[in-house]
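Every value quoted in this text rests on a predicted model; they were computed, and no experiment measured them. Positions are given from 1, in the same order as the sequence printed here.
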Amino acid sequence: MTMPLVLTDALLANGRRIDVHIADGVVAALPEAGSRPAPGAERIALDGALVLPGLVDGHIHLDKTLLGMPFIPHIPGDSVAERVIAEKELRKSLTVPVEQRALALVRQVVAAGTTSMRSHVDIDDLMKLDGLHALLKVREAARGHADIQLVAFPQSGIVTLPGAAAMMDAAVREGADLVGGLDPAGFDHDVDGHLDVVFGIAEKRGAGIDIHLHDFGPLGCSELRRIAERTKAAGLGGRVAVSHAYALGGVDDAEFGKTADALAKAGVAIMTNGAGPVPMPPVKRLTEAGVTVFSGSDNIRDAWAPYGNGDMLERATIVGYRNGLNADADLALALDLATVNAAKVLGLKDYGLRVGGPADLVAIPAGSTPEAVVAHPVRKLVVKRGRVVAQNGELVVPLAL
Ligand SMILES: [Zn+2]
């Protein structure tokens, strides 16, 4: 139970000026601005700031970040296999535990308005289930700040790593919400062998699926169609996502068309982070084909990338730049990727700013949603379950184990 709260003079995306009345963690009323607050309610003036439902990061790696440590120089290496080796080397020398680094990142993303996220967590021969156990503690500690979904991510493969399938199954049994995957062809060299394990665990444990797919061109598209077929066969439509899916950005119209159609019909969503020197899935074309596209930060200051800050409005800018999203309606789509679309993929059923809905909100000093995307100014206020957790870009409710 939290104290009643009224956010006065908030701007809605449709231009209306309202007050947001919050009680017991939910939005109690959304009257025109200038309303009378409930007796005893705390009042915070938003002075015309835009209010949106809390941002959703559809793909983050809380266990990988090096935040909370002095800056560590990037180790070069372009292929996924080279990066996996570099990360394992680096991990051996890390002095700050996963929990502390992950918490530093959660504090940062919450201050930037993210109130729900999906984090992958490495399950491999070096980490085994240690990263998962650390993030389960972080998830519990962060419950008042953000909701965290966990994906068991086979960063060193499944078929090619002895014992990986059993560790993945144990990870889901012990609390991971989804089964991950990694380049069934490009990394594991056995598409069906890899997908047998991923879909097998998902069906056995009632979990969703989110697969990293970096494989390019027709090979990657054929894997996407295989994933779509298996999703349909398993009745998992709406609960399967593929992250990156670079292949969709580098094929001819016929290959793209049949792959997008298969994904749309099967209910397989596509995550893009929009950044990098490789082809990217075309957000508008996929959306027009009926595919749910969502976005996420992916790597933030870790062994994979020195970049990233977890700001999902800045992410919308990056995705927008990369996709040539310039008109207001297109910028609204870039924002949808980090709000309604990501919420749909994460299965956040009550998502949205409405009476009776959860009071998970972010206030942004911007005059419209397109301006919020392109300017992504420091967040004025972040509310999670009816409690103000961050103000002016700073956490105001401590978050620690
Ligand atoms: Zn990733």
Margin query: Tell me whether T259 contacts the main-chain N or O of E255 through its side chain, where contact means a donor paired with an acceptor under 3.5 Å.
Written below: yes

Next item on the list: Compare all side-chain heavy atoms of L132 with those of I123 and state whether any distance is below 4.5 angstrom.
Entry: yes

Notebook entry, point to check: Can you list the steps and then say if D210 with S243 is a side chain to side chain donor-acceptor pair (under 3.5 Å)?
Noted result: CA-CA 7 Å; D210 194 327; S243 289; 2.8 Å; yes

Checklist line | Side chain proximity check, L331 to L335, heavy atoms < 4.5 angstrom | finding: no

Margin query: Quick one, I364 with L52, criterion side chain to side chain contact (heavy atoms under 4.5 Å, CB included). Give me CA distance, side-chain angles, the key distance, then yes/no.
Written below: CA-CA 8 Å; I364 304 148; L52 297 174; 3.5 Å; yes

Check: Hey, does L353 have a side-chain heavy atom less than 4.5 Å from the side chain of L12?
Finding: yes

Note to self: Please give me the minimum heavy-atom distance between G296 and M271, naming the atom from each residue.
What the structure shows: N-SD, 3.4 Å

Checklist line | Set of residues satisfying ring pair (Phe, Tyr, Trp, His ring centres under 6.0 Å) with respect to H59, sequence neighbours excluded | finding: H61, H120, H212, H244

Next item on the list: For atom CG of D78, decide whether the heavy atoms of other residues, nucleotides or ligands shown that lie under 6.0 angstrom number more than 12.
Entry: no

Checklist line | Polar side-chain atom of H214 near backbone of G220 as donor-acceptor pair, under 3.5 Å | finding: no

Margin query: Please give me the minimum heavy-atom distance between A372 and L50, naming the atom from each residue.
Written below: CB-CD2, 3.8 Å

Check: In this structure, are over 12 heavy atoms from other groups packed under 6.0 Å from F216 atom CZ?
Finding: yes

Notebook entry, point to check: Got a donor-acceptor contact below 3.5 angstrom from the R83 side chain to the G77 backbone?
Noted result: yes

Next item on the list: For A171 and L129, work out which heavy atoms get closest and say how close.
Entry: CB-CD2, 3.9 Å

Notebook entry, point to check: Side chains of I209 and L236: closer than 4.5 Å at any heavy-atom pair?
Noted result: yes

Next item on the list: Please answer whether the main-chain N or O of A332 pairs with a side-chain N or O of T369 as donor and acceptor at a distance below 3.5 Å.
Entry: no

Next item on the list: Identify whether the distance between the nearest side-chain nitrogen and carboxylate oxygen of D147 and K384 falls below 4.0 Å.
Entry: yes

Next item on the list: Answer yes or no: is there a donor N or O on one side and an acceptor on the other, between the side chain of T160 and the main chain of G157, under 3.5 Å?
Entry: no

Next item on the list: Take V396 and V388 through the side chain to side chain contact (heavy atoms under 4.5 Å, CB included) test and state the conclusion after the steps.
Entry: CA-CA 7 Å; V396 293; V388 176; 4.1 Å; yes

Checklist line | Residue pair L182, D188: steps toward the side chain to side chain contact (heavy atoms under 4.5 Å, CB included) verdict | finding: CA-CA 8 Å; L182 172 66; D188 254 357; over 6 Å; no

Note to self: What I'd like to find out is whether the side chain of L94 reaches to under 4.5 Å of the side chain of R101, using heavy atoms alone.
What the structure shows: yes

Item checked: Pairing of R91 and D122 as salt bridge, 4.0 angstrom limit -> yes

Note to self: Main chain of G54, side chain of Y351: is a donor-acceptor contact present, judged purely on distance under 3.5 Å?
What the structure shows: yes

Notebook entry, point to check: Quick check: does any side chain N or O of Q149 sit under 3.5 Å from a backbone N or O of L346, one acting as donor and the other as acceptor?
Noted result: yes

Check: Does the pair D177/R239 count as a salt bridge with the N-to-O cut at 4.0 Å?
Finding: no

Checklist line | R285 NZ/CZ over F256 ring centroid, <6.0 Å and within 45° of normal | finding: yes

Note to self: Quick one, K128 and M167 - any side-chain contact, counting heavy atoms below 4.5 Å?
What the structure shows: yes

Next item on the list: Give, for atom CG of D302 and atom CG of L90, the distance between the pair rounded to the nearest 0.5 Å.
Entry: 9.0 Å

Check: Roughly how far apart are L7 CG and K380 NZ, rounded to 0.5 Å?
Finding: 11.0 Å

Notebook entry, point to check: Are D311 and R379 ion-paired here, with the side-chain N under 4.0 Å from a carboxylate O?
Noted result: yes

Next item on the list: Run the salt-bridge test on R315 and D57 with the 4.0 Å N-O cut-off and return the result as yes or no.
Entry: no

Next item on the list: Return each pair, listed once, that meets side-chain hydrogen bond (donor to acceptor under 3.5 Å, both in side chains) where at least one residue sits in residues 320-343; pairs must be two or more places apart or across chains.
Entry: K284-D330

Check: Is T287 reaching over with its side chain to a backbone N or O of V283, donor-acceptor style, under 3.5 angstrom?
Finding: yes

Note to self: Is the shortest side-chain heavy-atom distance between R225 and R230 below 4.5 Å?
What the structure shows: no

Item checked: SB check K92 E89 (cutoff 4.0 Å) -> yes

Check: Looking at OG of S297 and CD1 of I60, how far apart are the two atoms once the value is rounded to the nearest 0.5 Å?
Finding: 4.5 Å

Checklist line | P281 to T272 - nearest heavy-atom pair and separation | finding: CD-OG1, 3.9 Å

Notebook entry, point to check: Quick one: do the D19 and S35 side chains pair a donor with an acceptor below 3.5 Å?
Noted result: yes

Item checked: Charged N-O contact under 4.0 Å between K88 and D125 -> yes

Margin query: Do the side chains of R205 and D169 get close enough for a salt bridge, i.e. N-O under 4.0 angstrom?
Written below: yes

Check: Can you tell me how far the CD1 atom of I318 sits from the CE atom of M312, to the nearest 0.5 Å?
Finding: 9.5 Å

Margin query: Using side-chain heavy atoms (C-beta onward) and a distance below 4.5 Å, is D190 in contact with D196?
Written below: no

Next item on the list: Taking atom types as modelled, find out whether N309 and E314 have a side-chain donor-acceptor pair closer than 3.5 angstrom.
Entry: yes

Margin query: Regarding E87 and K64, does a basic nitrogen lie under 4.0 Å from an acidic carboxylate oxygen?
Written below: yes

Notebook entry, point to check: Taking the side chain from Q100 and the backbone from P97, do they hold a donor-acceptor pair closer than 3.5 Å?
Noted result: no

Item checked: Shortest non-hydrogen contact between A207 and V179, atoms and distance -> CB-CG2, 4.1 Å

Next item on the list: Look up atom CE in M69 and atom CZ in R301, then write down how far apart they are to the nearest 0.5 Å.
Entry: 11.5 Å

Notebook entry, point to check: Which value, rounded to the nearest 0.5 Å, describes the distance between L401 atom CG and E140 atom CD?
Noted result: 10.5 Å

Margin query: The test is side chain to side chain contact (heavy atoms under 4.5 Å, CB included); show your working for R354 and V27 and say whether it passes.
Written below: CA-CA 7 Å; R354 78 176 82 79; V27 175; over 6 Å; no

Checklist line | Flag if over 12 foreign heavy atoms under 6.0 Å of CD, E394 | finding: no

Check: Between L286 and A260, which heavy-atom pair has the shortest distance, and what is it?
Finding: CD2-CB, 4.0 Å

